[in-house]
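Everything below concerns the one structure shown next.
Since the structure is predicted, the reported quantities are computational estimates derived from the model, not experimental observations. Sequential numbering from 1 along the given sequence is applied to the chain's residues.
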Amino acid sequence: MTDHAPTEAFPTERRQDMARRVRFESDMRGVPLHLEVRRGSYARRLKPVFDAVVALAALIVLSPLLVIVAIAIKLDDRGPVFFIQRRTGYLGHRFRLFKFRTMVVDAEALKAKLRAHNIHAPDSPDFKLANDPRVTRVGRILRKTSIDELPNLWNVVRGDMALVGPRPTSFDASTYRMPHLPRLAAKPGLTGLWQVSGRANIDFDERAELDMRYIRSLSAKQDLHLIVRTINAVKKGDGAC
């Protein structure tokens, strides 16, 4: 799934201190910033270590599959194996996200021509097509099985992401509406509450609400529960894009 920024954006002066804006809006809406709590906690102490160890172990175990996928992508159209894109993470900070490439090389250039077919509302920040013609043959399989997102595990090892959290958007936080900002109060995740509640089939407003609900009740028990639900959703191909 690719994303598109909404037409409404913050004035220039509001873009200069996005972290402060996220903190303010989070406080206004009762969304805690767990990573800024000084005392020891699951979110600040245990979760980062657990996520990094599990992600690294998963990369090692899945390395044969990753090599096979890389070869398949290369043989399909000779293009790059990975799709690297700037994404929005914790407190609005931007980072490079790694995925297996599932679209033709010039997919971004073709987006403008396909804008009218976006299944979401015209002012939605999400861009998705029912039958995206830019997706390659191998890409359709990778998306259906969510294998295309396995390189995200490297982002977890690097500390850019968590195993569970709000999914990072490609559009900058300066284009978020103010009620959306509290979803940036936690590290973005490989999976999250919105993925197991409809995934690509829900709009961004609902997605932000689910993300904030997740952050408010963040716990080890909830994370483990969402990981199990994600595995089941992937097996069913539910909402895969």
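- Contacts of Lys47 classified as salt bridge (Lys or Arg N to Asp or Glu O under 4.0 Å), with partners at least two apart in sequence or in another chain: Asp51, Asp223.
- For Phe82, the ring pair (Phe, Tyr, Trp, His ring centres under 6.0 Å) criterion is met by Phe100, not counting sequence neighbours.
- In this structure the side chain of Thr169 reaches within 4.5 angstrom of the side chain of Arg183, judged on heavy atoms.
- Residue Ile231 holds its CD1 atom at 7.5 Å from CD1 of Ile227, rounded to the nearest 0.5 Å.
- Contacts of Arg158 classified as salt bridge (Lys or Arg N to Asp or Glu O under 4.0 Å), with partners at least two apart in sequence or in another chain: Asp160.
- Of all heavy-atom pairs spanning Asn155 and Leu97, the tightest one is OD1-CA, 3.6 Å.
- For Arg229 (side chain) and Val196 (main-chain N/O), a donor-acceptor pair under 3.5 Å exists by modelled atom type.
- Not a single donor-acceptor pair under 3.5 Å links the side chain of Asp211 to the backbone N or O of Arg167.
- Atom CG of Asp148 is separated from atom OG1 of Thr145 by 7.0 Å, given to the nearest 0.5 angstrom.
- Interatomic distance, Asp205 CG to Arg207 CZ, rounded to the nearest 0.5 Å: 11.0 Å.
- Tyr90 and Phe24 end up in different hydrophobic clusters when Ile, Leu, Val, Met, Phe, Trp and Tyr side chains are linked at under 4.5 Å.
- Using modelled atom types, one side-chain atom of Asp17 and one backbone atom of Arg20 make a donor-acceptor pair closer than 3.5 Å.
- Under the 4.5 Å side-chain heavy-atom criterion for Ile, Leu, Val, Met, Phe, Trp and Tyr, Met161 and Leu62 are members of the same hydrophobic cluster.
- Contact detail for Val22 and Leu181: the closest heavy-atom pair is CG1-O, 3.6 Å.
- There is a side-chain donor-acceptor pair under 3.5 Å between Arg94 and Thr88.
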For Arg86 and Arg96, run side-chain contact (heavy atoms from CB on, under 4.5 Å): C-alpha distance rounded to whole Å, both residues' side-chain angles, the deciding distance at 0.1 Å, then the answer.
-> CA-CA 5 Å; Arg86 299 284 290 179; Arg96 297 200 311 163; 3.9 Å; yes
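- Taken from CG in Leu190 to OG1 in Thr230, the straight-line distance is 8.0 Å, to the nearest 0.5 Å.
- Here Arg216 pairs with nothing under the side chain to side chain donor-acceptor pair (under 3.5 Å) rule; sequence neighbours left out.
- To the nearest 0.5 Å, atoms NE2 (His93) and CG (Leu184) are separated by 10.0 Å.
- For Ala185, the side chain to side chain contact (heavy atoms under 4.5 Å, CB included) partners are Ser26, Val31, Leu33, Ile215, not counting sequence neighbours.
- With no hydrogens or angles considered, a side-chain donor-acceptor pair links Arg143 and Thr102 at under 3.5 Å.
- The distance between the ring centers of Phe171 and Tyr176 falls below 6.0 angstrom.
- With sequence neighbours excluded, no residue forms a side chain to side chain contact (heavy atoms under 4.5 Å, CB included) with Ile141.
- In the hydrophobic cluster analysis, where Ile, Leu, Val, Met, Phe, Trp and Tyr join through side-chain heavy atoms closer than 4.5 angstrom, Val157 is grouped apart from Val49.
- Residues that satisfy the side chain to side chain contact (heavy atoms under 4.5 Å, CB included) test with Ala52, not counting sequence neighbours, are absent from this structure.
- Clustering of Ile, Leu, Val, Met, Phe, Trp and Tyr side chains at separations under 4.5 Å places Ile71 together with Val67, Leu75.
- For Glu25, the salt bridge (Lys or Arg N to Asp or Glu O under 4.0 Å) partners at least two apart in sequence or on another chain are Arg21, Arg29.
- Residues Ala55 and Leu163 share a closest heavy-atom pair of CB-CD2, 4.5 Å.
- Here Arg87 contributes atom CZ and Ser170 contributes atom OG; the two are 5.5 Å apart, rounded to the nearest 0.5 Å.
- Closest non-hydrogen pair, Gly92 versus Met18, comes out as CA-CG, 4.2 Å.
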Between Glu149 and Ile147, is a side-chain contact (heavy atoms from CB on, under 4.5 Å) present by the stated rule, with each step listed?
-> CA-CA 5 Å; Glu149 295 180 357; Ile147 291 176; over 6 Å; no
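- In terms of hydrophobic clustering, with Ile, Leu, Val, Met, Phe, Trp and Tyr side chains grouped at heavy-atom distances under 4.5 Å, Val228 and Leu218 are assigned to different clusters.
- In this structure, the side chains of Leu142 and Ile73 come closer than 4.5 Å at one or more pairs of heavy atoms.
- Following chains of ILVMFWY side-chain contacts shorter than 4.5 Å, one cannot reach Leu150 starting from Ile68, and the two form parts of different hydrophobic clusters.
- Under the side chain to side chain donor-acceptor pair (under 3.5 Å) criterion, the residue pairs touching residues 54-80 are Asp76-Arg137, Asp77-Arg101, with sequence neighbours excluded.
- Taking the side chain to side chain contact (heavy atoms under 4.5 Å, CB included) definition, one finds that Ser217 meets it with Gln222, sequence neighbours left out.
- Among residues at least two apart or in separate chains, there is no salt bridge (charged side-chain N to carboxylate O under 4.0 Å, His left out) pair with a member in residues 186-197.
- In terms of heavy-atom proximity, Leu35 sits nearest to Ala43 at CD2-O, 3.3 Å.
- In this structure, the side chains of Phe95 and Pro188 come closer than 4.5 Å at one or more pairs of heavy atoms.
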Test side-chain contact (heavy atoms from CB on, under 4.5 Å) on Lys221 and Tyr42 and set out the steps.
-> CA-CA 10 Å; Lys221 181 179 180 180; Tyr42 164 69; over 6 Å; no
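- Looking at Arg23 and Glu36, a side-chain N of the basic residue comes within less than 4.0 Å of a carboxylate O on the acidic one, giving a salt bridge.
- Counting all heavy atoms, side chain and backbone alike, Met103 lies closest to Asp132 at CE-OD2, 3.3 Å.
- Using a distance-only test at 3.5 Å, with no hydrogens or angles considered, no donor-acceptor pair links the side chain of Arg44 to the main chain of His34.
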